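If you're wondering where the values come from, they're calculated on a predicted model, not measured in any experiment. No hydrogens, no waters, no symmetry mates; every other heavy atom, side chains included, goes into these values. Quick note on labels: first sequence line is chain A, next is B, and so on, each numbered from 1.
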2 protein chains.
Amino acid sequence: MALGKDYATQECSIAGALEIVGERWTLLVIRDALYGVRRYKDFLVHLGIPRAVLAARLQMLTEEGILEKRRYQESPPRDEYVVTDRAIALWPALRALGRWGREHYGKTVLRTFEHTECGTEIGSYGECPACARVVPLEEVLMLPGPGLDPHPADPVSRALLKPKRLLQPIVVDQV
Amino acid sequence: MALGKDYATQECSIAGALEIVGERWTLLVIRDALYGVRRYKDFLVHLGIPRAVLAARLQMLTEEGILEKRRYQESPPRDEYVVTDRAIALWPALRALGRWGREHYGKTVLRTFEHTECGTEIGSYGECPACARVVPLEEVLMLPGPGLDPHPADPVSRALLKPKRLLQPIVVDQV
DNA sequence: ATGACTAGGTTCAGTGAACGAACTATCACG
DNA sequence: CGTGATAGTTCGTTCACTGAACCTAGTCAT
């Protein structure tokens, strides 16, 4: 969105948040990062985002301290983008948006999230209704729902078909 | 954002939600509507949004059932835009975004929200920590914080300086 | 050492959306 | 009959997104 300049006059934390995460694609990049996507190419094929936009978003999110660029191998040199506390702190907002979308516009259930400790489905803002507390993302298990395409074209979507804990890096099947 | 077409391939309720509310300005229009703004001109002066964009957003939100256009006087004919349940259901997501913005980027506290029943500050997703439940918006009192400009130029910002319940229509001081 | 391949970008022309100023329509009021 | 308010529409400019092509560094097989 490049909400930048105009939103500055808004005197509101919501506007402030949207200046950072309100641009097109940004929240989906963060969502993917929380799901365990870490590499440029994996974001690229999973989101279907233009390369230039992805590069710009990753750089901006890194500068804002929402992602962290980290060297994970030296030869050839390769970096991955991993979430920071700031990205994790966005999970309740993302969860609330997702629940709203599903309840008001969703035809089928695409993914469900449950608390690993007790198997209860995570509530609207990332809490476990049974345990009555917001659960850390490491304890959230993401499961494919009935509405999900069972044979997606891209390897990242295939990797996300298996039940997995959030934040755990995805394992992409080699070709 | 016009997130439209591309997000459709995303198979995700978050992407679905962003197709509706992810465009530039849209979430701020909904925020204002929840604060009690109802008229075209009030949105206009408070947001500083281009007229054409505001008209497009109001029409889209009406078509999506998030706002409802309602005739409030016949002569001259005047309509106002009032929130529906779909807009109210977005409150936890907006609250979560606002809290994230304040905690990670806010310098000062601009507004606080408290539960009218008990005076406790509303939590990150619209709940009252003392009452341990999500409180209806009618029971949320919005209060100006120390970071807010005490003498804003536009009448809508001035109207929002007084403590008021959410959803209650704003009262703009006549010139 | 040569060519193919991969990861992670940058560059660039075309397009679409946002911006801001000007203009229009309708009605009330004096 | 002119002025002012509300709620828009129109239009030229600017800016961001898009998709395709290109680039760089390093690995691997021949």
Item checked: Most 5' of Tyr40(B) and Ser75(A) on DNA chain D, judged by nearest nucleotide -> Tyr40(B)
Item checked: Between dA7(C) (P) and Leu58(A) (CG): distance, integer Å -> 16 Å
Next item on the list: Just compare dG8(C), dG8(D), dA7(D) and give me whichever is closest to any side-chain atom of Tyr72(B).
Entry: dA7(D)
Note to self: Looking at Arg51(B) and dA7(D), is any side-chain donor or acceptor paired with a base atom of the opposite kind under 3.5 Å?
What the structure shows: yes
Margin query: Under a plain distance cut-off of 3.5 Å, with no hydrogens placed, do Asp32(B) and His46(B) share a side-chain donor-acceptor pair?
Written below: yes
Notebook entry, point to check: Considering the options Val83(B), Leu160(B), Ile30(B), Ile170(B), which one meets the side chain to side chain contact (heavy atoms under 4.5 Å, CB included) requirement together with Tyr35(B)?
Noted result: Leu160(B)
Notebook entry, point to check: What is the distance from CG of Leu47(A) to P of dG8(C), rounded to the nearest Å?
Noted result: 14 Å
Notebook entry, point to check: Taking only side-chain nitrogens and oxygens of Arg24(A), does any of them come within less than 4.0 Å of OP1 or OP2 of dT18(D)?
Noted result: yes
Checklist line | Distance, rounded to the nearest Å, where Leu54(B) contributes CG and dA21(C) contributes C1' | finding: 16 Å
Item checked: Glu121(B) with Arg102(B): basic N within carboxylate O range, under 4.0 Å -> yes
Item checked: Euclidean distance, atom CG of residue Asp79(A) to atom P of dA25(D) [Å, nearest integer] -> 15 Å
Note to self: Is Tyr81(A) close enough to dG9(C) that one of its side-chain N or O atoms is under 4.0 Å from OP1 or OP2 there?
What the structure shows: yes
Next item on the list: On DNA chain C, check which nucleotide each of Val53(B) and Glu74(B) is closest to and give me the residue with the more 5' one.
Entry: Val53(B)
Item checked: Salt bridge flag under 4.0 Å for residues Arg158(A) and Asp173(A) -> yes
Checklist line | Interatomic distance where CZ belongs to Arg71(A) and C1' belongs to dG26(D) [whole Å] | finding: 12 Å
Next item on the list: Can you tell me the distance, in whole Å, between the CD atom of Glu23(A) and the C1' atom of dT18(D)?
Entry: 15 Å
Notebook entry, point to check: Is any side-chain nitrogen or oxygen of Trp25(A) closer than 4.0 Å to OP1 or OP2 of dT18(D)?
Noted result: yes
Notebook entry, point to check: dG8(C) phosphate, OP1 or OP2: any side-chain N/O from Lys69(A) under 4.0 angstrom?
Noted result: no
Margin query: Can you tell me if Lys41(A) touches the phosphate of dA7(C), counting only side-chain N or O atoms and a distance under 4.0 Å to OP1 or OP2?
Written below: yes
Next item on the list: Nearest whole angstrom, please: distance from the C1' of dG8(D) to the CG of Asp42(B).
Entry: 15 Å
Check: Is any side-chain nitrogen or oxygen of Arg78(A) closer than 4.0 Å to OP1 or OP2 of dA25(D)?
Finding: no
Next item on the list: Using whole Å, report how far CZ of Arg38(B) lies from C1' of dA7(D).
Entry: 18 Å
Check: Pick the nucleotide of DNA chain C nearest each of Pro77(B) and Ala52(B); which residue has the one closer to the 5' end?
Finding: Ala52(B)
Check: How close do Val172(A) and Pro155(A) get, heavy atom to heavy atom, and via which atoms?
Finding: CG1-CB, 3.4 Å
